[in-house]
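Quick note: residue numbers are just sequence positions, from 1. Keep in mind that the numbers below use all heavy atoms, side chains included, and drop hydrogens, waters and symmetry copies.
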Amino acid sequence: MSSAFDGTGIDKVLRDAVDSGAVPHVAAIAADRDGVIYEGAAGPREAGQSDPVTVDTLFRIMSMTKMPCTVVALQQMEQGNLDLDAPVADYVPEFAEVQVMTGIDGDTPILRPPARQATVKNLITHTAGFGYWFWSERLVRWEKITGVPNVVAGSAASFTAPMLADPGEAFRYGINIDWLGRVVEAVTGVGLDVAIKQGITGPLGMDQTTFLMNDDQRTNSTPVHVKGEDGSWVSIGEVLNQKPDYWAGGHGLYGPPSDYIKFEQALLRGGEFGGTRILQQDTVDAAFTNQIGELDFPAELPTADPASTCAFNAGPGFKWGYGLLLNTADIPGMRRAWSGAWAGLCNTQFWVDRTAGVCGSIYSNFLPFVTPEAVQLYNDFERSVYAAL
């Protein structure tokens, strides 16, 4: 780590968040183009236990899986195996059966064919029309009526979920990258687990990042936590299916902060890390460029499932690139304009700021997502990193 970087202020931010009960535990890491500049952690791996969490502890990174899945798709584009402008159904024929749900009449979903075919780029940019139950009352009702579980259950039946809008009409955050994972499998001829290992985690030395943990990794992992009736943190154990029907490109990976920072650094360095190139510079540039045109990332996403997530308030001025949330203006004391970022449902978050030359990520594993206390911690950590630069 850089000797010039003073992380004592960040250490205090992490400790205070645990001591106040804002989070059950936290691990955080930051790097510049040359290497890791900060790593720290506070709190127990499991509430009520003494074993401490570290940057080598495995967390469910949930939707932070989306960017690696997106990158392996972009690798296939670079190799000429995948056309982003081609219909999804060209690669996964059963995609042609997906319909748009315009409403629900009593207990009957109202469905119609989409106005146009969704492309692979629509999946990558969340403009194919799919949603997630936790930000859609309509999908909550659809799942209740049909008995089809949400994607976290790991059932292939979740791919029968309808679109909520016509492709290209709106930015809607949803199961697009789970479908993208199936596209990747179709063009590579291997499972998504193998594609990500061959394309990203293997070359970058992310040796602990995996779709299914072995016994040693599980011992070094954190369970998911929720607040008990008395306000203290309690473990609810595992939330993901350990024998899933498919590898979830949208949420399936486990890994330690010390692994994912290598992936962030590769993005920060234009697609190369440790002498290994995972993407071409122009592809990385495209990932950090607005890819949704006049559409906007929603300023506010109200919750439809308070146990899973609080309302998500990004505010105005955000776009989407390839797998990345992009802020279009500098955030005072924090990331510069056109930084790329995203988060995971169990409260993990990362950002890559190519202008300031810094990337970072912060990890806890609890529900619901983006509690006010979690958002405060994310922001305090990021501000402390920039203050120490």
Side-chain angles (χ1 to χ4, degrees), residues 1-20 22-23 25-43 45 52-59 61 64 67 204-209 222 255-276 278 284 288 324-327 329-344 347-364 373-389:
M1 285 192 291
S2 169
S3 58
F5 188 93
D6 181 3
T8 53
I10 309 175
D11 292 340
K12 184 177 187 303
V13 165
L14 304 186
R15 277 197 314 272
D16 288 352
V18 173
D19 290 347
S20 71
V23 294
H25 53 233
V26 58
I29 193 165
D32 60 18
R33 291 185 177 89
D34 298 322
V36 172
I37 56 174
Y38 175 81
E39 55 183 42
R45 192 173 55 78
V53 77
T54 76
V55 294
D56 295 319
T57 301
L58 277 81
F59 293 81
I61 68 170
M64 281 169 54
M67 191 56 185
L204 295 183
M206 298 167 63
D207 299 331
Q208 293 300 307
T209 299
T222 172
S258 54
D259 265 12
Y260 203 89
I261 196 71
K262 298 173 184 177
F263 179 63
E264 294 172 59
Q265 285 177 275
L267 297 173
L268 184 65
R269 293 168 56 91
E272 176 275 332
F273 174 78
T276 297
I278 60 167
V284 177
F288 283 84
L324 297 168
L325 178 71
L326 307 172
N327 51 298
D330 290 355
I331 302 176
M334 298 168 67
R335 67 192 72 166
R336 308 295 192 269
W338 301 106
S339 296
W342 200 229
N347 288 291
T348 62
Q349 187 227 17
F350 78 96
W351 85 93
V352 178
D353 181 343
R354 301 196 303 164
T355 301
V358 66
C359 57
S361 43
I362 185 164
Y363 297 71
S364 193
E373 297 86 355
V375 173
Q376 185 67 52
L377 172 58
Y378 293 169
N379 293 340
D380 289 347
F381 166 61
E382 188 175 329
R383 286 194 188 94
S384 298
V385 169
Y386 281 85
L389 288 175

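Formation of a donor-acceptor pair under 3.5 Å by the Arg33 side chain with backbone atoms of Arg354 is found in this model. Between the side chain of Asp330 and the main chain of Pro332, no donor-acceptor pair closer than 3.5 Å is present. Checked by atom type and distance alone, the side chain of Asp353 pairs as donor or acceptor with a backbone atom of Arg336 at under 3.5 Å. Listed for the Ser364 side chain is no donor-acceptor partner under 3.5 Å among the backbone atoms of Val26. Glu373 places no side-chain N or O within donor-acceptor distance of the main-chain N or O of Val23, the cut-off being under 3.5 Å. Side-chain N or O atoms of Thr222 include none that pairs as donor or acceptor with a backbone N or O of Phe59 at under 3.5 Å. Remark: the backbone N or O of Thr209 is paired with a side-chain donor or acceptor of Asp259 at under 3.5 angstrom. Side chain of Glu382 to backbone of Arg335: a donor-acceptor contact under 3.5 angstrom is found.
Side-chain atoms of Thr57 and Pro256, non-hydrogen and from C-beta on, never get closer than 4.5 Å to each other. Between Ile331 and Asn379, the closest side-chain pair of non-hydrogen atoms is not below 4.5 Å. Proximity of Cys359 to Ile261: side-chain heavy atoms (C-beta onward) are separated by under 4.5 Å at one or more points. Inter-residue side-chain proximity for Leu268 and Phe273 is flagged as unmet; no heavy-atom pair is nearer than 4.5 Å. Between Ile37 and Leu389 there is a side-chain heavy-atom pair separated by less than 4.5 Å.
Heavy-atom minimum distance, His25 versus Val18: CA-CG2, 3.8 Å. Minimum interatomic distance between Leu377 and Ala17 (heavy atoms only, all atoms of both residues): CD1-CB, 3.7 Å. Residues Gly333 and Tyr386 share a closest heavy-atom pair of O-CB, 3.4 Å. Residues Ala27 and Thr54 come closest through the heavy atom pair CB-O, 3.7 Å. Taking both residues in full, the closest heavy atoms of Ile278 and Ala266 are given as CD1-CB, 3.9 Å, listed atom of the first, atom of the second, then distance. Closest approach of Gly340 and Phe288 over heavy atoms only: N-CE2, 3.4 Å.
Asp11 pairs by the salt bridge (charged side-chain N to carboxylate O under 4.0 Å, His left out) definition with nothing, not counting sequence neighbours. Legend: residues meeting ring-ring contact (aromatic ring centres under 6.0 Å, His included) with Tyr260, ordered by chain and number and at least two apart, are Phe263, Phe350.
Residues Asp16 and Lys12 are paired through a salt bridge, judged by an N-O separation under 4.0 Å between the basic side chain and the carboxylate.
Between Tyr38 and Phe381, the ring planes are tilted. Angles from 30° to 60° get that label.
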